Undergrad: 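Below you'll find the structure I mean.
All values below come from the heavy atoms of this structure, side chains included, with hydrogens, waters and symmetry mates left out. We count ligands from 1, going down the list as the structure has it; atoms in each ligand are counted the same way. Here the structure is a predicted model, which is why all the values come from computation and not from measurement.
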Amino acid sequence: MVDLKGQYLRIKSQVDEGIMEVLTETSYINGPQVTAFKDHLERYLNVKRVVPCANGTDALQIAMMALGLKPGDEVIVPAFTYVATAEVIALLNLKPVMVDVDENSFNITPEIIESAITNKTRAVVPVNLYGQCADLEGIRNLCDQRSLFMIEDNAQAIGADFQLNNGEKVKSGTVGHIGSTSFYPSKNLGAYGDGGALYTQDENLGLILHKIANHGQTKRYYHDMVGVNSRLDSVQAAILNVKLTYLDQFAAERRAVADAYDAAFSNIDAIQIPYRVAFSTHVFHQYTLKVNNGKRDELQAYLKERGIPSIIYYPLPLYEQKAFVKDANIHFLPITDKLCKSVLSLPIHTEMSTEQIAYITEAVIQFFK
Ligand SMILES: *Cc1c(COP(=O)(O)O)cnc(C)c1O
């Protein structure tokens, strides 16, 4: 699905130099590399504050902890997402309210959110799924009207541009009160281990996020609140600092693969190529087809026989996961259910050759002949 080795070899000298610096300085924890990467990411995203942390799941948890929510408060999340989004909500004794998504964009919309708001709703977590933004401005406006917090789970869409109604472009993850991201190796900005970050335009919220991620302290051994230990280590920061300079180029390379797939598949009736919304660029964390003739699993087996990997993100709606079924308020959602049965993600990464793309597209075309 990805070629992390090939990508490493392309940027090896810079990455090795960054890692060696950490080793020679023995600045393993909170080294200057962490500050340098934080500053770099703040400039790239044009945000007031980035708070690095240990992984994308922690980032979501820290975001939830920063909002002062109380047990039983409701947080609206898509049912069609990675488990982390809902998991941290449940972990903090908050109530994940799972909603359906738009069939084309795979994301939640202001209309869907609005129909799920109750007097206990406190926050909404849009996920910018597969690398494309949800209608962030519409969702933010709704949240402002109803006094709700908006946390963007931006683990899959770092680097995407969102276009505001006034024509201005901002980075994904910066429209909500807090954005969270993951540097898991296969993410668009991937470390060589775990990593994550939070970002916000609100200085005050930024201080709270920083404090929570650091045992509730700003001064060492003085703890103002109960926090967690969630750090990005210096080796990962050094690697990410190099990779951030390539993020836009890497996104363009992924988009070129997606364009080639689109061109090859656009007249196959049984599949639907990824829909591209007008208000967001797509950074193609995943290239996800919808197989509409019920043969998704057969296509996957056919590709596997030919040595082509593919993955179903995600095979089971969150409300059907054993971890969540016990919650009586969770209901069947028809579009999520349908997507779980029809989506298939094909290999997409920065090192794909024309031959590989041709081999994959040929196989898909053959299957539907
Ligand atoms: C990867 C991912 C996460 C979690 O990130 P980790 O770094 O693996 O903890 C959260 N949400 C979404 C949508 C993701 O894709």
Undergrad: Counting non-hydrogen protein atoms only, what is the nearest one to atom 3 (C) of ligand 1? Give residue, atom name and distance.
TA: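 Protein heavy atom at minimum distance: Tyr82 CD2, 3.6 Å.
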
Undergrad: Which of the numbered atoms in ligand 1 are under 4.0 angstrom from any heavy atom belonging to Ala84?
TA: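 Listed by number with element, the hits are 10 (C).
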
Undergrad: Under a 3.5 Å threshold, yes or no: a donor from one side chain and an acceptor from the other, between Tyr275 and Asp102?
TA: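 Short answer, no.
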
Undergrad: Just go through Gly195, Ser182, Ser186 and tell me whose heavy atom is the nearest to atom 5 (O) of ligand 1.
TA: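 When every heavy atom of Gly195, Ser182, Ser186 is considered, Ser182 comes closest to atom 5 (O) of ligand 1.
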
Undergrad: Counting N and O atoms only, with roles assigned by atom type, does the side chain of Gln201 sit under 3.5 Å from a partner on the main chain of Lys48, one being a donor and the other an acceptor?
TA: yes

Undergrad: I'd like to know if the side chain of Tyr130 and the backbone of Ala157 have a donor-acceptor N/O pair within less than 3.5 Å.
TA: no

Undergrad: Measuring only between side-chain heavy atoms, which start at C-beta, is Phe106 closer than 4.5 Å to Leu339?
TA: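 Phe106 reaches Leu339 side chain to side chain.
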
Undergrad: For Lys187, state whether at least one heavy atom is located under 4.0 Å from any atom of ligand 1.
TA: yes

Undergrad: Measuring centre to centre across the rings, with the benzene-like ring taken for any Trp, is Phe324 within less than 6.0 Å of Tyr319?
TA: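 Between Tyr319 and Phe324, which both carry aromatic rings, the centre distance is not below 6.0 Å.
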
Undergrad: Record the part of Asp153 in heavy-atom contact with ligand 1 below 4.0 Å; permitted values are side chain, backbone, both and neither.
TA: side chain

Undergrad: Return the closest protein heavy atom for atom 9 (O) of ligand 1 as residue, atom name and distance.
TA: Thr57 OG1, 2.5 Å

Undergrad: Return yes if some donor-acceptor pair links the side-chain N/O of His177 with the main-chain N/O of Met150 below 3.5 Å, else return no.
TA: yes

Undergrad: Run the numbers for me: atoms of ligand 1, each under 4.0 Å from some heavy atom of Val127, listed by number.
TA: 13 (C)

Undergrad: Just to verify, which of Asn292, Leu344, Val364 counts as forming a side chain to side chain contact (heavy atoms under 4.5 Å, CB included) with Ile271?
TA: Val364

Undergrad: Return the residue, atom name and 0.1 Å-rounded distance of the protein heavy atom closest to atom 15 (O) of ligand 1.
TA: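 It is Gln156 NE2, 2.9 Å.
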
Undergrad: Could you tell me, atom by atom, which parts of ligand 1 come under 4.0 Å of a heavy atom of Asn55?
TA: 7 (O), 9 (O)

